[in-house]
Amino acid sequence: MQWLRKPSQQGVNTNIAPLCLYLLFPLYPSFLLFSYFPYFPHFPRSLTKNRRWLIAINYHLLHWVKLPKQLTNQNLEIMNTQHTNTATLAGKIFIILVLIFTANFKSGFAQSSDTIIIGNASIGNATGLLVDGNNDPGNQVNDSTFISLTGKASVGSFNPSAFSNEIIAFNVDRPVAVSTNVPWTTGNDNISVNFSNKIMIPITIWIVNGNFSTQKAKAIAAVNTAAAIWSAERMGVGFSSVTYIDATKNKKSRNYNSFTCSLQAGLQSDIGMVAGQVNVYYVGTVDGGSDRGQSCAIGSSFIALAANSLSDLLCHELGHGFGLTHIDDLTTYFDATNVMYSASSVRQFFTEGQLFRAHTITNSTLNALYHARPGQVTRLCARDDSSLTCPTIHKRIWADGTFPAN
Ligand SMILES: [Zn+2]
């Protein structure tokens, strides 16, 4: 972009740029001479390059100035004194029509009006959309955000991109829906995005240590908390079944009262495990703490919870199973209210960036263990990846407490 420069105070300026094709900067800051509608960026090209007229709109006046063949300090000064010609009302209307016409002409007379048609959304709940494609000037748009309260979302004008044409959709009790290779055209598009039904997963909870009924009550509270957070935060996952098993009478249970991950294999061998599910074990302590938990790996189907762990910890450990890691160090965008904060009693939120990863990370239990998304998109988005294919981890369509949508 080139700028029409302010004439130098010394009267000598050998570096006056040609008239800017896109934006003409006000020559003097005391008034907005030669500024004009920013909404029609191609307007000065057609009206200055070809016709050698400069038309400017400032606060309430409309001016035109015939441009000199060559821009020099001298004739710029002359132009500054010519600007006060005030247009008639008819002239103003005419120029505005010209502006509208040229704006439409550049884009083929009409910007397209594209609609995303949302299938199988949950009743009464808004759908959030992150949309990729080219915008009307032809620039790549990444994760442009829309919210629809109906089965349709008007998203303005999207055109095909050489890089990313994608829609990611979020809704309450619906898995994250990812549509790749969206067939945007330069015309009006109606693009369908369909949610799958809520993913329902079975888990088994083993009460290894402590009083069975007391610990089972804690486990039930933790399950209910996880389900409530998932629903409120649009994880789109629920429990199809939860099996509670009393292992407190197992003679070997005492070997696992003070759990560390080095005991994982022995615990599952001695106490039991159900293949194809996440297995949760309530023990005495985990890593020496009576309120800690461990999944022992990202993407794990194993969870150990200490006897006095709070009810939001199960959701956190299941989040590790979904491939999510801690976000404690990302203090600009996260605090202890996020489910993946390492030590917290107020876990509540997932970002849309986290939801996307939970569903698309290849070794998420949703994909690798439960095979709940057959044939659907998987991605290798690390926590800190931010690209056309990986929404940033702190991407929020809706505010999370004090953290606004972004
Ligand atoms: Zn953790």
Side-chain angles (χ1 to χ4, degrees), residues 201 203 205-206 208 215 218-219 221-230 232-233 235 237 239 256 258-265 267-268 277-370 380-385 392-394 400-401 403:
I201 61 172
I203 66 170
I205 298 182
W206 306 78
V208 181
Q215 295 308 91
K218 288 183 183 175
V223 166
N224 290 339
T225 298
I229 292 174
W230 285 347
E233 291 299 293
M235 183 61 83
V237 180
F239 298 106
Y256 303 100
S258 301
F259 179 82
T260 62
C261 285
S262 64
L263 299 176
Q264 179 187 343
L267 172 62
Q268 295 199 287
Q277 297 188 9
V278 170
N279 286 261
V280 182
Y281 302 85
Y282 273 81
V283 294
T285 62
V286 171
D287 296 335
S290 63
D291 59 358
R292 292 189 183 179
Q294 264 289 2
S295 59
C296 296
I298 302 301
S300 172
S301 61
F302 172 91
I303 294 172
L305 296 174
N308 298 323
S309 55
L310 298 177
S311 64
D312 61 0
L313 189 58
L314 176 63
C315 191
H316 173 90
E317 302 301 344
L318 287 164
H320 284 315
F322 292 163
L324 301 177
T325 58
H326 293 160
I327 38 63
D328 301 30
D329 57 310
L330 305 176
T331 54
T332 305
Y333 297 104
F334 292 95
D335 64 12
T337 60
N338 188 271
V339 174
M340 296 318 296
Y341 203 87
S342 65
S344 172
S345 59
V346 291
R347 295 186 182 96
Q348 189 176 351
F349 302 114
F350 286 106
T351 65
E352 277 57 59
Q354 289 173 312
L355 298 178
F356 176 84
R357 284 165 175 75
H359 284 262
T360 60
I361 286 177
T362 310
N363 73 339
S364 165
T365 52
L366 296 177
N367 296 314
L369 180 70
Y370 290 110
L380 292 171
C381 295
R383 187 195 74 170
D384 295 337
D385 286 349
T392 184
I393 191 73
H394 59 260
D400 289 342
F403 294 104

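Positions are given from 1 along the sequence. Computed from a prediction, not measured in an experiment: that's the story for all the values here. For ligands, and for the atoms within them, numbers begin at 1 and follow the listed sequence.
Between Leu318 and the choices Leu313, Leu324, Val278, the side chain to side chain contact (heavy atoms under 4.5 Å, CB included) rule is met once, by Val278.
Residues Trp230 and Phe322 bring their aromatic ring centres within 6.0 Å.
Within a 6.0 Å sphere centred on CZ of Phe239, heavy atoms belonging to other residues, nucleotides or ligands number more than 12.
Residues satisfying the side chain to side chain contact (heavy atoms under 4.5 Å, CB included) criterion with Glu233, sequence neighbours excluded, are Ile229, Phe349, Phe350, Asp400.
Residues Lys218 and Ala307 share a closest heavy-atom pair of NZ-O, 2.8 Å.
Counting only protein N, O or S atoms, the number found under 2.8 Å from the Zn ion (ligand 1) is 3.
The shortest distance between side-chain heavy atoms of Cys315 and Asp312 does not fall below 4.5 Å.
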